[in-house]
Amino acid sequence: MEDQARMMSGLVGLSGLSQVDVGDHDAGRKQHSLGQPQQDIGDILQQIMAITDESLDEAQARKHALNCHRMKPALFSVLCEIKEKTVLSIRGIQDEDPPDPQIMRLDNMLLAEGVSGPEKGGASAAAAAVAAAAAGGSPNDGSIEHSDYRAKLTQIRGIYHSELEKYEQACSEFTNHVMNLLREQSRTRPISPKEIERMVGIIHRKFSSIQMQLKQSTCEAVMILRSRFLDARRKRRNFNKQATEVLNEYFYSHLSNPYPSEEAKEELAKKCAITVSQVSNWFGNKRIRYKKNIGKFQEEANLYAVKTAVDAASVSSQASQANSPATPNSGTHSDITHTHIRVRPRQDHSRSDIKHTQS
DNA sequence: CTACATGATTGACG
DNA sequence: CGTCAATCATGTAG
């Protein structure tokens, strides 16, 4: 930065104030202050070239002399005025910069993802997880995965915030530095407050572009985390015993038409503490797998057929029918095993049958 | 570790 | 849109 100061003092000196008796190398060309500006250019260039050869002491001396010149304040203010005008005219071209849509998108996403939100740390996060588990669809395993997910998210969040803080600090530090320099220089060369302001704006833009990279990579990390944790296929849990029992019960007691209606699915979902789509998945899998290999499911079918038969018997208080365990194949379910699953009349499978097994 | 069981996903189909 | 069929990826019994 001393170079620049030196340069400026040199240039200001060139523009007409150089009669000050600063050094002996000016002595030879005193005459250029009046008259032909064309011819001066050569001298000026010479002088510019000479500046690099000058020592810092010389420059300092020159600067000092310059500042002490009696005409300096007046000329300086004129220069400031001129510059103000030109700067203003330049500024007119590109005045208001629109907020970057890209960065706004990233901001929104980080906010939505809870990375840049107001809430901080464990307590409220845990509370949110608990609330989600209590209110939401999957009370069993969901909370565990959620807490794991939350932990990772908090980690990302921590990194993001510390980095962001570092950026902000660096930015303000740098801005301060530049402002100090400009203020310092404004004693030597014309710098309007607006110019400083503009410079600060430029610095902030630069830093925000760096910030955007940070935000972008944070977003990416969150997306990856999300896809990892929300891809349920990776975190498949088998349903618990009771749930499969309920499902199987329904399946085998509706073997002739194992297509639960939407309401039936909802009911089953509620009973099994799973979602409706999980019920649909289960029935889809069950139907296809049953059809593929009926023999393999024979035992299971018998078991549930007996179970429902017993239930029905206990309801109708007629126990005499249920005492043929020796040949179950020809018994209760022989007709249902031979039923074609393909046929599915969609009208009458109400939940009345489940109801009396349940109650 | 292997083989099988099982919940979820995907693409085709009506 | 719901279902089928194939397939994936994980869970689990041996």
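Every heavy atom of this structure was used, including side-chain atoms; hydrogens, water molecules and symmetry mates were not. Sequence lines set the chain letters: A, B, ... in the order given, protein chains first and strands last, and positions in each chain run from 1.
Listed nucleotides: C:dG11, C:dC4, B:dA8. Nearest to the side chain of A:K291: C:dC4. Relative to the side chain of A:Y259, the nucleotides B:dT9, C:dT3, B:dG7 differ in distance, and C:dT3 lies closest. Of the candidate nucleotides B:dG7, C:dT3, C:dG2, C:dT3 has the atom lying nearest to any side-chain atom of A:K265.
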Taking N or O atoms only and anything under 3.5 Å, show me the protein contacts with nucleotides 4-6 of chain B, one pair per line.
{"from": "B:dT6", "atom 1": "O2", "to": "A:R236", "atom 2": "NE", "distance (Å)": "3.2"}
{"from": "B:dT6", "atom 1": "O2", "to": "A:R236", "atom 2": "NH1", "distance (Å)": "3.3"}
{"from": "B:dT6", "atom 1": "O2", "to": "A:R236", "atom 2": "NH2", "distance (Å)": "2.9"}

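Put simply, A:Q278 has a side-chain N or O that comes within less than 4.0 Å of OP1 or OP2 on B:dA8. At the phosphate of C:dG11, OP1 or OP2 sits under 4.0 Å from a side-chain N or O atom of A:R237.
Checked against side-chain contact (heavy atoms from CB on, under 4.5 Å), A:Q242 has the following partners two or more places apart in sequence or in another chain: A:N240, A:V246. Residues satisfying the salt bridge (Lys or Arg N to Asp or Glu O under 4.0 Å) test with A:K296, not counting sequence neighbours, are none. Residues that satisfy the salt bridge (Lys or Arg N to Asp or Glu O under 4.0 Å) test with A:E266, not counting sequence neighbours, are absent from this structure. By the side chain to side chain donor-acceptor pair (under 3.5 Å) test, A:R183 pairs with A:N180, sequence neighbours left out. Residues meeting the salt bridge (Lys or Arg N to Asp or Glu O under 4.0 Å) test with A:E168, sequence neighbours left out: none.
Going from atom CZ of A:R287 over to atom P of C:dG2 covers 12 Å, rounded to whole Å. Regarding A:N257, its CG atom lies at a distance of 16 Å from the P atom of C:dG2, rounded to whole Å. With rounding to whole Å, A:F283 atom CZ is found 14 Å from B:dG7 atom C1'. One atom, CD1 of A:I288, and another, P of C:dT7, lie 12 Å apart when rounded to the nearest Å. For the pair A:E266 CD and C:dG2 C1', the computed distance is 15 Å after rounding to whole Å. Distance, A:I274 CD1 to B:dA8 C1': 12 Å, rounded to whole Å.
Where A:S280 and A:K292 each meet DNA chain C at their nearest nucleotide, the meeting point lying more 5' is that of A:S280.
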Intermediate values then yes/no, ring-ring contact (aromatic ring centres under 6.0 Å, His included), A:Y252 and A:F297
CA-CA 10 Å; A:Y252 287 110; A:F297 291 91; 7.3 Å; no
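Comment: A:E267 does not engage A:K270 in a salt bridge, judged by the lack of any side-chain N to carboxylate O separation of less than 4.0 angstrom.
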